[in-house]
Amino acid sequence: MATFWDIIHLLTETPIFFVAIAGLTWGILGGALPGISASITMALVLPFTYTMDPAQAIALLACVYIGAEYGGSIPAILIRTPGTNSSAATVIDGYEMNRQGRAGEALGISLMSGVVGSLFGLAMLVLLTEPLSWLALAFTPASYFGLGILGLSVIASMSGGSLIKGLAAATIGLMLSTVGTDPISGVTRFTFDIPDLLGGIEPVLVMVGLFALTELMSQSGSAGMSRLNASIRIKLPSLSMMNKLKRSQFIGCILGLFEGLTPGGGGSIAAFMSYNEARRWSKTPQLFGKGSEEGVAAPEAANNTVASTAMIPLLSFGIPSSNSTAVLLGGLLMHGLIPGPRLFEQSAQVIDSIYVGSFIAIIAQIGIGIIILPACIWLVNRPRQYRSGFIFALILSGIYTLNNSLFDLGIALGLGLVGYLMRLTRFPVLPMILGVVLGHMVESS
Amino acid sequence: MNKDLLSGVVLLAVAGTYYTWTTQIADSTLSDEIGAGGLPKVLAAILAILAVCLIVRTLLSARMKPATAAAAAGNADDEEADENAKLPRAIGFLLFGAAYVALLPFVGYPIATALLIAGIALYEGSPRTWVIPAAAIGGGILYWAIFVKLLGVNQPMGSLFQGLF
């Protein structure tokens, strides 16, 4: 665990404060854009972290995740369109409050419940990863192999109804991970004398292609959505209101912890479960669905808790439990950081940066959340025709920064097509990403 | 053809092609017992088995549940037709990216970016007003300023305009 002096060093000697604020801001903006999920928001920024210090880069991604979970509630409340999947439950009472002219109040409850959930999640992250890391120190290469297989077993919970398709997608991901130089013998495989393939296919290209490009392709030709009311401002809840919401926030935190630790759980399930439980335990269950403050607080506390607790199995054992943590895992690998137990032995500063950066982002979220709302509304109100072009250009520019390679752009575009075809044929993409990310770890062990 | 059946056939073809490629992997004295081609061969076999499973399952479900399938066919057909209709459009969208990659070394980063933004705006049905060139030029300059000037990324400046930027 980070000592006091480690934290002081991080705050004074590194740009962690600015990294956290930048990540949070980007996360809120990305999360507020309908269709751009937390994982896509993270995947978009991933190429830009390539040249950063590893500790700062991972902290940035963690802060983007935190920001995106809050950002998703903005269009959920204002136009009944969840910005991220996990804010879908917020639509029910959030939008109803908006219809009653209480949009500012709903946004304030969402913001503060998110902060409560994030703080609880961060506390659990700090408390639980430390003991788990001690357990992990006893791991042998055989254990690492087992961990890789366990990571792949997550596929079973993420196959979206067809285990065969999930396993096939994971196998293709593993096949992609074999492209390049064999980690044991140094023999080249599937490179077809193309020098760009000697280093293999970087997981970041797979993530950007399958998540971001596929989403842009899917949105092509779709109808525009309702415009946000630009005059809305956040109204933070009073102390008495926060006292009233503590039960639902507590439920959200507990279920968020449980779902964050569970492979395949994720923010969406946590949010809907906590909404249901909050209604069950509420003194006024009849108000749920009719603009209940508790109906906003519970799911927002839950999905923001998940943003931190989902990192526990990732950092302790290298097991990503959701799309977003898979992107985070890709970030770790991109910087040569072995996910799992070794991270605590060899790169403790990365862990400290995640803790400190997340804490800064959570606290700053109160101020940034209020300040950035007009920018979010402006961004969401831009015509989709222009937004798509700008996001597409951003993706391609970001990919090029990785290796200054046009070949990388071609691979990402190809994977975008593969992702779209997988979506059409109902093949889940996450197992494929897990296959690419975990493939190298499995083979080299 | 049923999408799952088609997917199974495609996966089988992928597994076969991949296996053929694994036979071309060179041996090395540094290799362990499994060798550089060991895991790829196992993966090819796994994918082939999964592909066969998918094909068999699709054929069996088509034979065993004709009534259920017929009942659900109405909605599913509409949805599938809608998705299929969007495929050419989605591929068209991606082709703008391919054109960007092709043009980038010649026209350079700012112009290629501007063309991409303008092209996508037109493709997505934006009204043909002055806003399109304005947004495209603004976007090209904005990204050039961020990536080339601020972040110092060595983006191609184009063989057509060498020495200009």
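Side chains are part of it too, since the values below use all heavy atoms of this structure and drop only hydrogens, waters and symmetry mates. Chain letters run A, B, ... following the sequence lines, proteins first and then strands; every chain starts at 1. Just so it is clear, the structure is predicted and the values come from calculations on it, not from any experiment.
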- Message: Is A:Phe190 close to chain B through its backbone or its side chain, or both, or neither, when contacts mean heavy atoms under 4.5 Å?
- Response: side chain

- Message: Quick test of your reading of the model: are B:Asp4 and A:Arg426 salt-bridged, counting only N-O distances below 4.0 Å?
- Response: no

- Distance in Å, A:Met217 CE paired with B:Arg89 CZ, rounded so as to fall on 0.5 Å steps: 12.0 Å

- Task: Give the member of B:Ser126, B:Ala118, B:Cys53, B:Gly140 that has the highest number of heavy-atom pairs under 4.5 Å with chain A.
- Result: B:Ser126

- Side-chain contact, heavy-atom cut-off 4.5 Å: B:Ile120 with A:Tyr386? no

- Heavy-atom distances under 4.5 Å only: say whether B:Leu43 touches chain A with side chain, backbone, both or neither. both

- Item | Side chain proximity check, A:Tyr420 to B:Lys86, heavy atoms < 4.5 angstrom | yes

- Query: B:Phe147 vs A:Phe48 aromatic rings, parallel, tilted or perpendicular, using cut-offs 30° and 60°?
  - Reply: tilted

- Message: Is B:Ile132 close to chain A through its backbone or its side chain, or both, or neither, when contacts mean heavy atoms under 4.5 Å?
- Response: both

- Minimum heavy-atom distance A:Leu406-B:Pro105, with the two atoms named: CD1-CG, 3.4 Å

- Quick one: OG on A:Ser220 to CG on B:Leu87, what's the gap to the nearest 0.5 Å? 11.0 Å

- Task: Taking atom CZ of A:Phe407 as the centre, report whether more than 12 heavy atoms of other residues, nucleotides or ligands fall under 6.0 Å from it.
- Result: yes

- Task: Heavy atoms only, distances under 4.5 angstrom: which of A:Leu394, A:Thr51, A:Leu417 has the most pairs with chain B? Name it, please.
- Result: A:Leu394

- Roughly how far apart are A:Thr425 OG1 and B:Leu54 CG, rounded to 0.5 Å? 9.5 Å

- Rounding to 0.5 Å, atoms OG (B:Ser7) and CD1 (A:Ile164) come to a distance of 11.5 Å

- Item | Part of A:Ser218 within contact of chain B (heavy atom distance under 4.5 Å) | backbone

- Message: side chain to side chain contact (heavy atoms under 4.5 Å, CB included) for B:Tyr123 and A:Ser388? Distances and angles first, verdict last.
- Response: CA-CA 11 Å; B:Tyr123 186 67; A:Ser388 292; over 6 Å; no

- Task: Select, from B:Gly119, B:Gly97, B:Gly139, B:Ala112, the one with the greatest count of heavy-atom pairs under 4.5 Å involving chain A.
- Result: B:Gly97

- Task: For the residue pair B:Leu11 and A:Ile172, establish whether any side-chain heavy-atom pair is separated by less than 4.5 Å.
- Result: yes

- Looking only at non-hydrogen atoms, find the nearest pair between A:Ala393 and B:Ile117 and report the distance. CB-CG1, 4.4 Å

- Message: With heavy-atom distances below 4.5 Å as the criterion, would you say the side chains of B:Glu124 and A:Pro383 are in contact?
- Response: no

- Note on the structure: Of B:Ile146, B:Leu122, B:Ile25, B:Leu94, the largest count of non-hydrogen pairs under 4.5 angstrom with chain A goes to B:Leu94

- Query: Side chain, backbone, both or neither: which part of B:Val153 has a heavy atom under 4.5 Å from chain A?
  - Reply: side chain

- Item | From B:Tyr100 atom OH to A:Leu413 atom CG, the distance as rounded to the nearest 0.5 Å | 10.5 Å

- Note on the structure: Applying a strict 4.5 Å limit to non-hydrogen atoms, the region of A:Leu421 in contact with chain B is side chain

- Query: What's the spacing between B:Trp21 CH2 and A:Met175 CE if we round to 0.5 Å?
  - Reply: 10.0 Å

- Tell me, for A:Tyr400 versus chain B, whether the close heavy atoms (under 4.5 Å) come from the side chain, the backbone, both or neither. side chain

- Task: Answer yes if the side chains of B:Tyr18 and A:Thr171 hold a donor-acceptor pair under 3.5 Å, and no otherwise.
- Result: no

